[in-house]
There are 2 protein chains.
Amino acid sequence: MHDVRLSPTRRRNTFEVGQMTAEVKPAALQLTERQEARRRRILHSSARLASRGGFDAVQMREVAENSGVALGTLYRYFPSKVHLLVATMQDQLQHMHETLRKRPPTEEEPAARVAQTLMRAFRALQREPHLADAMVRALTFADRSVSPEVDTVSRLTTAIILDAMGLAEAPTAEQLSAVRVIEHTWHSALITWLSGRASIAQVKIDIETVCRLIDLTAPAPGR
Amino acid sequence: MHDVRLSPTRRRNTFEVGQMTAEVKPAALQLTERQEARRRRILHSSARLASRGGFDAVQMREVAENSGVALGTLYRYFPSKVHLLVATMQDQLQHMHETLRKRPPTEEEPAARVAQTLMRAFRALQREPHLADAMVRALTFADRSVSPEVDTVSRLTTAIILDAMGLAEAPTAEQLSAVRVIEHTWHSALITWLSGRASIAQVKIDIETVCRLIDLTAPAPGR
DNA sequence: TGCGTTAGTGAAACTTGTTCTAGATAAACG
DNA sequence: CGTTTATCTAGAACAAGTTTCACTAACGCA
């Protein structure tokens, strides 16, 4: 039939064919065990190659070979290199979220808690700078065809920050804006660090600076 | 001799050869008239192609052809596609800076002035969304080999913001931090808009939100 | 002005992301 | 089971960024 992809996303410039039999689930279709295993192997190879040499070191042929899968299959699972790396990031973020949940920030003030959390994440990234490079570059380079996946990453990041603020539920619109700006700063500061234009100390200052925005926002709905 | 480039920057993974005769200026070496003209033609073609179809539409062979220059020459002037697009951005930013100088923001408060200025710039970008796409994607995708050029862009942006704040000279360290965060937000918000994950209204809110940081910083040295 | 050096040209080659094709396998299903 | 259909494989083919090479043109200077 009409070449249905595993991933719910379509490719770059292809227009929707619209041909979709009724029972196809728009969300992630469930995979067989072997398929789940393949997917996992691919993500693992991707992360391994990335932590060696960053974005450039993740070569699709090599990922395919290392995960024991044909090139065509790799592309069926992840329709582009950027998709693959963004998915890798999703994966890593999930780990980080769980880790952070286990040891919530110790600071009192929300702003300080967020800053502490982000600095923890930052230190984790510093341990694998190449991996960080691959993931963050992919994330900011992603075009519209990757929007759903990038959005997922964004939601995960937002959740982490809201957790740190101590209000996973019922944030005000104002607070959400602040969180969005914090996220912007986080990504962009990482970029400047990764490309050697800002020091670790600099990133720390930027994070702390932007976190001051939190103090400006309503403490809660019911101020 | 040892292949000296026009551009002061070296290529991707090459290490400095260190062989540099004393009289070579580290800054932009001066070009002859014909060379200056070539450079200009190249940047012009680049911008034209970019405004057609964004990052992907800027193809090195086509840029070379359109500017009447051999491919090898193009690479001598701009050692990679990203270098070329970042230089294009420098060029555009310079224009914008001049334009903004002529009509400074009308608002009273520094924060509002900066927000107004950035929204003006944003509207200019909206007129050429593809061009914006090419430039911003190149900027955030740039690796270490492009750091000097990206830094120039960053300095230009900083200058624009400081101008809007009304203190081109003697900003405090705190104020510089705020400006840096504003710049982060600016770039990242543009990215989310360009990739269709945020609306124009959303970008406006983010800009206004981050500009509130300015109110938090010392009004001047001599508070 | 002549000459050695640097810059520019044209074309081919190389690299890596992406696509395509034909055939082998596995899954689903009657 | 046997058949039909979706996946997977191997490998070629294609596209665009980048490099290389052999050669010519332009420049700078003694």
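Here the structure is a predicted model, which means the values were calculated and not measured.
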For the backbone of [Y] and the side chain of [X], can you confirm whether one donor and one acceptor N or O come within less than 3.5 Å of each other?
{"X": "Gln35(B)", "Y": "Thr32(B)", "answer": "yes"}
{"X": "Ser154(B)", "Y": "Val150(B)", "answer": "no"}
{"X": "Arg38(B)", "Y": "Gly68(B)", "answer": "no"}

### Task
On DNA chain D, check which nucleotide each of Val69(A) and Gln59(B) is closest to and give me the residue with the more 5' one.
Val69(A)
### Position toward the 5' end of DNA chain D (nearest nucleotide), Thr32(B) or Val58(B)
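Looking at the nearest nucleotide for each, Val58(B) comes out on the 5' side.
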### Query
What residues, two or more places apart in sequence or in another chain, satisfy side chain to side chain donor-acceptor pair (under 3.5 Å) together with Ser195(A)?
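By the side chain to side chain donor-acceptor pair (under 3.5 Å) rule, Ser195(A) matches Arg197(A).
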Looking at [X], I'd like to know whether one of its side-chain N or O atoms comes within less than 4.0 Å of OP1 or OP2 on [N].
{"X": "Tyr77(A)", "N": "dC8(D)", "result": "yes"}
{"X": "Arg34(A)", "N": "dC8(D)", "result": "no"}
{"X": "Gln35(B)", "N": "dA26(D)", "result": "no"}

### Query
Nearest 0.5 Å, what's the CD-CG distance between Glu149(B) and Leu85(B)?
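Rounded to the nearest 0.5 Å, the CD-CG separation comes to 12.5 Å.
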## Note on the structure
Checking Thr209(A), Thr185(A), Ile182(A), Val181(A) against His184(B) for side-chain contact (heavy atoms from CB on, under 4.5 Å), the one that qualifies is Thr185(A)
Please state how far atom [atom1] in [X] lies from atom [atom2] in [N], giving the value in whole angstrom units.
{"X": "Glu36(B)", "N": "dG8(C)", "atom1": "CD", "atom2": "P", "answer": "12 Å"}
{"X": "Met60(B)", "N": "dT18(D)", "atom1": "CE", "atom2": "C1'", "answer": "9 Å"}
{"X": "Arg76(A)", "N": "dA27(C)", "atom1": "CZ", "atom2": "P", "answer": "14 Å"}
{"X": "Asp143(A)", "N": "dG17(C)", "atom1": "CG", "atom2": "C1'", "answer": "14 Å"}
{"X": "Leu49(A)", "N": "dG17(C)", "atom1": "CG", "atom2": "P", "answer": "11 Å"}
{"X": "Leu74(B)", "N": "dA11(C)", "atom1": "CG", "atom2": "P", "answer": "17 Å"}
{"X": "Asp56(A)", "N": "dG17(C)", "atom1": "CG", "atom2": "C1'", "answer": "12 Å"}
{"X": "Phe55(B)", "N": "dG17(C)", "atom1": "CZ", "atom2": "C1'", "answer": "13 Å"}

If you check every side-chain atom of [X], which of [options] has the closest atom?
{"X": "Tyr75(B)", "options": "dC8(D), dT18(D), dG17(C)", "result": "dT18(D)"}
{"X": "Thr73(B)", "options": "dG17(D), dG8(C), dC8(D)", "result": "dG8(C)"}
{"X": "Arg38(B)", "options": "dG8(C), dT18(D), dT9(D)", "result": "dG8(C)"}
{"X": "Ala70(A)", "options": "dA10(D), dG8(C), dA12(C)", "result": "dA10(D)"}
{"X": "Leu71(A)", "options": "dT7(D), dG17(D), dA12(D)", "result": "dA12(D)"}

### Task
May I have all residue pairs that pass salt bridge (charged side-chain N to carboxylate O under 4.0 Å, His left out) and include part of residues 119-129 of chain B, sequence neighbours excluded?
none
### Query
When we call it a touch if two heavy atoms are under 4.0 Å apart, what does Val82(B) touch: a base, just sugar-phosphate, or nothing?
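Nothing, no heavy atom under 4.0 Å.
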### Neighbours of DNA chain D within residues 61-68 of chain A, by heavy-atom distance under 4.0 Å
Arg61(A), Gly68(A)
### Message
Give me the stems containing DNA chain D, sorted by first residue, counting only three or more consecutive Watson-Crick or G-U pairs with both distances under 3.5 Å; say none if there aren't any.
### Response
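Consecutive-pair runs (3 or more) involving DNA chain D: C:1-30 with D:1-30.
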When the side chains of residues 88-98 of chain A are checked against the rest of the protein, which donor-acceptor pairs come out under 3.5 Å, sequence neighbours left out?
| unit_1 | atom_1 | unit_2 | atom_2 | d |
| --- | --- | --- | --- | --- |
| Thr88(A) | OG1 | Ser46(A) | OG | 3.0 |
| Thr88(A) | OG1 | Leu84(A) | O | 2.8 |
| Asp91(A) | OD1 | Arg40(A) | NH2 | 3.4 |
| His97(A) | NE2 | Asp163(A) | OD2 | 3.1 |

### Summary
Sorted by chain and residue number, the ring pair (Phe, Tyr, Trp, His ring centres under 6.0 Å) partners of Phe141(B) (sequence neighbours excluded) come out as Phe55(A), Phe141(A)
### Query
Should the pair Arg61(B)-Glu65(B) be classified as a salt bridge under the 4.0 Å nitrogen-to-oxygen rule?
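No, this pair does not count.
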